Amino acid sequence: CISQACSGACANDPNCGTPHNKTNCSQCEPITLELCMNLPYNYTHFPNYLGHRTQKEASISWESSLFPALVQTNCYKYLMYFACTILVPKCEPETSQRIPPCRSLCKHAKERCESVLGIVGLQWPEDTDCTQFPDEKLDNQTCLMPDEDVEECSPSHFKCRSGRCILASRRCDGEADCEDDSDEENCGCTERGLWECPVNKMCIKHSMICDGFPDCPDELEEKNCSSCTNDELECANHECVSRDRWCDGVVDCKDSSDEWNCVTLSKGVRSLLTIHRSASDHHVCADAWDDELTHWVCKQMGLGGPSVAEFAQEADHLEHNKMLHLIKDWKKKNGSTFHELLMKGQTCESRAKVSLTCTREDCGHRPAARMSKR
Amino acid sequence: ILGGRTSRPGRWPWQCSLQSDPSGHICGCVLIGKKWVLTVAHCFEGRENAAVWKVVFGINNLDHPSDFMQTRLVKTIILHPRYNRAVVDYDISIVELDEDIVETSYVRPVCLPTKGQLVEPDTYCYITGWGHMGNKMPFKLQEGEVRIISLERCQSYFDLKTITSRMLCAGYESGTIDSCMGDSGGPLVCEQEGGQWTLYGLTSWGSVCFSKVMGPGVYSNVSHFIDWIERQIYIHSFLIN
């Protein structure tokens, strides 16, 4: 202690002053051990009654594996409650002192479950000598006893209709673990730890929601995944990218989706070459068009077969200014996207738009069997 | 292939062999474009380095290189990001070759289905490969005719595995004609009207094929992956390289 008396959290520590004065005493802390999050108290105090110094140490201890496994045998209704009172002892906030379980709770748990452990050759935890805990009738000390409504199964367990606790991972796994089969009833997506597609009730993993891959019909699990502003568009992976950067030949979305589907052919009598730049559609001026470009564009659309370009006259003057033009040195940009070769803001001298006919590459044909006269 | 027969050279010009030294043939594969090959992701488990692979086209007898044979190195291996080794789901990968193949009568790409183009149950299709025949590994490419089985019926053969929409089942209850070890990544193709062949499946998994546990073979459902395949080819052709 800084002064003769212990201060702060150490003020009520019975050991303050012996053998050394204390300045750093453990205080009440919120329970984080998942096994014990159903308890009627929320704060714990370490070290616990098994000698673990922290909750982390308790969580990886042998006892924190033993008790959840033992609880499945249904050996004692309040086993998990008892286990938690020694793994994460209750802490009294006002005094920062731990509250022990009552001796009778400890004795009942040990009497009923020790023999079950013995069958598989295991021993009851050594540190759980019940005499160390106060007798609720004789000792004038507060101790913990379970209420009627105490949760018998921890959050990582499922409670069978019979009252038995089984590991939650065994719920809806296709095999009955409860004697009354109740763990295999009503096995919807939620019970299996999955998410249910709204239309067809298909179950998908939570990790598949908003991951950019469509799984549910109408891609419903990929909706409402981002909140882009009016100036932005949503990438397939739900990032937001400015409209200006859409189809400019530079990858801005991490999945490159801002550069997908930038070049299409309009559906109609004339299949006009259409560029989806900055989130609006533009046609391409036929000035300086080259046959090499025809193949380039079709290949980018996955249509690498024979292709033909035609030019459609455009009477509308306003349209001339909205068309995209080829940059002068496009031949130097071999291997890039076609839409990268285009720029805005020039008058279309030819007053014609590019219209294309593309076809798929030949595929799936076997050579005819060679004929031989017999 | 179990219960199949030896193919005539050139009959399946899209079939290729994925090879790695010193083992030689490891998996089958399918030519879908001049520079692009499909196979299954599990072929690359522990061998994801492109430099150790080569792809051989236009070959019938693995032991006798022919004049029509073309060999290419692998530039890029694109595994499906959702490939799950434990349950063999999303078992598909794309291989980019170091240079284009030269299209000949013996080396030609197969057609891919369009989006939403599915193969109906009870359709008869063909599987091919250099995989195990039950009593030996063949030198010559084998072919077998299999019947497409609905996913519901297929699930009834596999109690402990989930048949997903990414899978396609084909074969027979008795397992008389089936794919086997070494056929993985090879094609399941069906003939369309006009004599065009379309790739609907890639050999993926099944029961231990020469055991007494029978059942159909399970193939990666290519129709499910069309968007992903087209997107990857576009990205690697125009955006990455």
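Just so it is clear, the model here is predicted, and its values are computed rather than measured. As a basis for the values below, the full set of heavy atoms in this structure was taken, side chains included, without hydrogen atoms, waters or symmetry mates. Proteins come first, then strands; the chains are lettered A, B, ... in the order of their sequence lines, and each starts at number 1.
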Please determine whether side-chain contact (heavy atoms from CB on, under 4.5 Å) holds for the pair A:Asn261 and B:Arg231, giving the CA-CA distance in whole Å, both sets of side-chain angles, and the decisive distance to 0.1 Å.
CA-CA 10 Å; A:Asn261 302 324; B:Arg231 200 77 80 203; 3.6 Å; yes
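- Environment of CG in A:Asp329: crowded, with over 12 heavy atoms of neighbouring residues, nucleotides or ligands closer than 6.0 Å.
- Distance check, rounded to the nearest 0.5 Å: CD1 of B:Ile240 to OG of A:Ser256 gives 7.0 Å.
- For the atom pair CD of A:Glu361 and CD of B:Glu103, the computed distance is 7.5 Å after rounding to the nearest 0.5 Å.
- Proximity to chain A (any heavy atom under 4.5 Å) is shown, for B:Thr198, by neither the backbone nor the side chain.
- Between B:Tyr90 and A:Met208, the shortest heavy-atom distance links the atoms OH-CE, 4.0 Å.
- Note: A:Cys363 SG to B:Ile32 CD1 = 10.5 Å, rounded to the nearest 0.5 Å.
- Heavy-atom pairs under 4.5 Å with chain A peak, among B:Arg11, B:Lys34, B:Glu230, at B:Arg11.
- The part of B:Pro13 that comes within reach of chain A is its side chain, from C-beta onward, which places non-hydrogen atoms under 4.5 angstrom from that chain.
- By the 6.0 Å contact criterion, CG on A:Asn200 is enclosed, its count of non-hydrogen atoms from other residues, nucleotides or ligands being greater than 12.
- A salt bridge does not link A:Asp215 to B:Arg166: none of the charged side-chain nitrogens sits closer than 4.0 Å to a carboxylate oxygen.
- For a residue to count as touching a neighbouring chain, one of its non-hydrogen atoms must lie under 4.5 Å from one of that chain's; by this rule A:Lys333 does not touch chain B.
- Atoms CD1 and OG1, from B:Ile235 and A:Thr337 in turn, are 12.5 Å apart once rounded to the nearest 0.5 Å.
- Ion pairing between B:Arg82 and A:Asp211 holds under the 4.0 Å rule for side-chain N and carboxylate O.
- Contact between A:Pro367 and B:Ser105 at its shortest, heavy atoms only, is CG-O, 3.3 Å.
- Your options are B:Gln196, B:Gln192, B:Glu191, and the one with the most heavy-atom pairs under 4.5 Å with chain A is B:Gln196.
- Between the CD atom of A:Gln300 and the CZ atom of B:Phe238 there is a distance of 5.0 Å, given to the nearest 0.5 Å.
- Annotation for A:Lys299: atom NZ does not count as buried by contact number, only 12 or fewer foreign heavy atoms lying within 6.0 Å.
- Note that CH2 of B:Trp14 and CZ of A:Arg366 are 6.0 Å apart. Values are rounded to the nearest 0.5 Å.
- Within a 6.0 Å sphere centred on NZ of A:Lys223, heavy atoms belonging to other residues, nucleotides or ligands number more than 12.
- Residue A:Phe213 touches chain B through both its backbone and its side chain, counting heavy-atom pairs closer than 4.5 Å.
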